[in-house]
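First comes the structure, then the notes that go with it.
Everything numeric in this text was worked out from a predicted model, so none of it was measured.
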Amino acid sequence: MSGWALDLGTTNSGIACWDESLGKPRLVETPDIGRNPDTEDPLAAPRLVPSAVHFLERLGVLDRLGSWPPLARRFFIGRRAVIGRPALERNQGVVHPSFVPTFKPALSGEPLRPLARVGRESLTARDAAHAFLRELLHEVKRTTGQRVRDLVVTSPVTAFETYRAEAQHILHQLGVRRVRFIDEPVAAALGYGISLSQERIVLVVDVGGGTMHLALVRLAPQGVVSGQATVLAKQGRPLGGNAVDGWVLQDLCAQMGYDLTAGDDEVTRIWRRLMLAEACRVKEAVYFEDETAFLMSPGGSTSGGPSRPGSRSVALTRARLREILDEHGFYHSLAAALEEVLAQGHVAASDVEDVLLVGGSTLLPGFFPWFEERFERRRVRAWQPFEAVAYGAACFASDRMGALDFIVHDYAFVTHDPKTGEAQHTIIVPRGTRFPTSPELWKQQLVPTCALGEPESLFKLLICEVSRADGDERRFVWDAAGDLHKVGGTSGDSQVVVPLNAASPTLGYLDPPHSPRDHRPRLEIAFGVSAERWLIATVRDLLTHRELMRERPVVRLV
């Protein structure tokens, strides 16, 4: 393993490396601190670590000894805090004063702001970041046997220089000898496999738990070498998954006849936190299901009289979640932010070559179709919202940027079994294909389909995008109806097929028409990929020896 990279996030963090045996980046597995690896939740990201810290109240001799700077740079001795999933588990019922649920926002602007307390000692954002990074690097050493000495850290384009200075200083204290930074838009572009051999304008949309950020950037080859992007415009909104959780909880409590604002005692606050977590669960469940039950009732009275927690359930549907988003102006705010960022950057939507979606809240119902409608499917990259930034940083760290110029999905045409009528997909451009290719990357002779049993004068061929995952790797895909699917992983679909040219599948006219009784090959067809990622087709009529088309663009590939 080489090319260590860290994506330090507000909600989740991931550390990635370049895997020489696989020839691609991967996230390092840290099962003891990562998110629950055994859950069947389709959004579960077991290789990501919650960016949470719980400081220990009683430190032993080794714990104090391990904090001594000369030793801290060379060894991991003792500990001062637990991080990740164990930190969250310790604070599920009651939140302790020593718990820091997130520290990144404060680290950027107010590193000395107190975030926690142990006894009489106040602990700052800097202390929390130090504890988190120390335990994360310790876990990487324990699971991989390698001590990270050279690390690339992703940096938001909205971050102040103090953020980089703080992160660099802490990592040097922890024995990382070389610290480099890469702007998150550059890392996202590399992680999504975009060729940066020439200048291009990219829109990065990052919607996580707390915020919605849109950054319009210009990526150039010389900037990629230094890991920096030219920011043309940026816009932000205090909207994210946490706000949506609150809206969902309000709606469900209204259905139960419960006043969410009633009471302010400790027991009530605990139940609100538990119900908010349940609201988050049902919100994410309807990304993939039409409806799911909210399995927790308030601990007091509802409109039905006294109840106990869990005694009455209500349901959330995907359609209702979309209505909730509209009622609270989520997509109105997104539209306003997009309009402002394009105007500020003096860029038209047609000038944006790629739209990169990162952050878990980009999986909300309607989010991908909203951008697909405005920018076309071929320009929107969204299948790795959790991993793309970390993957791209690992590519940068290992100097493998040039290895990413390839087609990401499989592309196939559809035929139907003459006996069963079942659809069959013939791969013409396999994923991983480098482009441009020969115009005859795939070449065969075909018999036209006379579907109605009548002579056929039109040669139609439906081209599809086929999304599959490697092994336990997952990705997210939206079908033609705009519904979300998880492909791969422990509980995902094996593949998702999306037709691309259903509105215009004709690739030539047959004169004379082809008879359904003639089973001889009538057409010779070849496919290739141009330098601009267009699938190009050459079609020749074997009966008349005429070319029906030559290297004509059909659909654009991702």
Side-chain angles (χ1 to χ4, degrees), residues 193 377-378 383 406-453 455-471 475 477-481 485 487-488 492-510 513-530 532-543 546-558:
R377 185 183 186 94
R378 63 183 176 84
W383 55 87
F406 60 82
I407 301 300
V408 175
H409 302 291
D410 289 320
Y411 290 87
F413 65 78
V414 181
T415 56
H416 292 84
D417 188 288
K419 295 182 179 179
T420 66
E422 292 185 1
Q424 300 173 325
H425 301 94
T426 301
I427 303 295
I428 51 178
V429 180
R431 57 183 173 173
T433 299
R434 306 282 175 183
F435 63 90
T437 71
S438 161
E440 298 183 351
L441 171 68
W442 184 95
K443 183 177 180 181
Q444 279 191 21
Q445 295 181 350
L446 300 177
V447 180
T449 300
C450 300
L452 302 178
E456 184 63 77
S457 59
L458 297 179
F459 172 51
K460 298 180 180 179
L461 210 55
L462 184 63
I463 307 299
C464 295
E465 176 185 286
V466 182
S467 298
R468 296 182 291 123
D470 291 320
R475 60 180 56 198
V477 182
W478 286 259
D479 61 24
H485 299 262
V487 179
D493 299 328
S494 59
Q495 69 176 29
V496 173
V497 179
V498 181
L500 299 178
N501 65 331
S504 56
T506 301
L507 298 188
Y509 297 89
L510 305 178
H514 186 76
S515 171
R517 294 185 295 274
D518 188 352
H519 301 294
R520 294 173 298 174
R522 172 71 183 266
L523 297 164
E524 183 179 75
I525 183 167
F527 289 108
V529 183
S530 72
E532 292 76 32
R533 300 203 319 269
W534 282 95
L535 177 71
I536 54 175
T538 300
V539 181
R540 184 168 176 264
D541 190 331
L542 297 175
L543 179 63
R546 291 187 299 109
E547 268 191 348
L548 307 184
M549 63 169 56
R550 181 173 184 80
E551 299 181 19
R552 186 178 300 174
V554 180
V555 295
R556 198 167 189 189
L557 313 183
V558 174

query = With side chains defined as the heavy atoms from C-beta onward, is the minimum distance between Leu462 and Asn501 less than 4.5 Å?
reply = yes
request  = Give a yes or no on whether the backbone of Ala537 and the side-chain of Arg552 come within a donor-acceptor separation of less than 3.5 Å.
outcome  = no
task = Answer yes or no: is there a side-chain heavy-atom contact under 4.5 Å between Thr433 and Leu557?
result = no
key: His425 side chain near Val414 side chain, heavy-atom distance below 4.5 Å   = yes
ask   = Can any side-chain N or O of Glu456 pair as donor or acceptor with the backbone N or O of Leu458 at less than 3.5 Å?
value = yes
For Cys464 against Val497, the heavy-atom pair lying closest together = CB-CG1, 3.6 Å
ask   = Do Trp534 and Val529 pass the side chain to side chain contact (heavy atoms under 4.5 Å, CB included) test, and can you show the C-alpha distance, the side-chain angles, and the key distance before you say yes or no?
value = CA-CA 6 Å; Trp534 282 95; Val529 183; over 6 Å; no
query = Does His485 have any ring pair (Phe, Tyr, Trp, His ring centres under 6.0 Å) partners at least two apart in sequence or in another chain, and if so, which?
reply = none
task = Please identify each residue that fulfils ring pair (Phe, Tyr, Trp, His ring centres under 6.0 Å) with Tyr411, with sequence neighbours left out.
result = none
key: Test salt bridge (charged side-chain N to carboxylate O under 4.0 Å, His left out) applied to Arg378 - qualifying residues, sequence neighbours left out   = Glu376
query = Who passes salt bridge (charged side-chain N to carboxylate O under 4.0 Å, His left out) against Arg540, sequence neighbours left out?
reply = none
message = For Arg520, give me all partners under salt bridge (charged side-chain N to carboxylate O under 4.0 Å, His left out), at least two apart in sequence or on another chain.
response = Asp518
ask   = Once the angle between the rings of Trp442 and Phe527 is folded into 0 to 90°, is it parallel (under 30°), tilted (30 to 60°) or perpendicular (over 60°)?
value = tilted
inquiry  = Before you tell me yes or no, could you show the steps for Trp383 and His409 under side chain to side chain contact (heavy atoms under 4.5 Å, CB included), namely the whole-Å CA-CA distance, both residues' side-chain angles and the distance that decides it to 0.1 Å?
reply    = CA-CA 11 Å; Trp383 55 87; His409 302 291; 3.8 Å; yes
key: ring pair (Phe, Tyr, Trp, His ring centres under 6.0 Å) involving Trp478 - partner list, sequence neighbours excluded   = Phe368
message = Testing the basics here: between Pro448 and Leu510, what is the closest heavy-atom pair and its distance to 0.1 Å?
response = CG-CD1, 4.0 Å
inquiry  = Using a 3.5 Å distance criterion without hydrogens, assess whether the side chain of Arg468 forms a donor-acceptor pair with backbone atoms of Arg431.
reply    = no
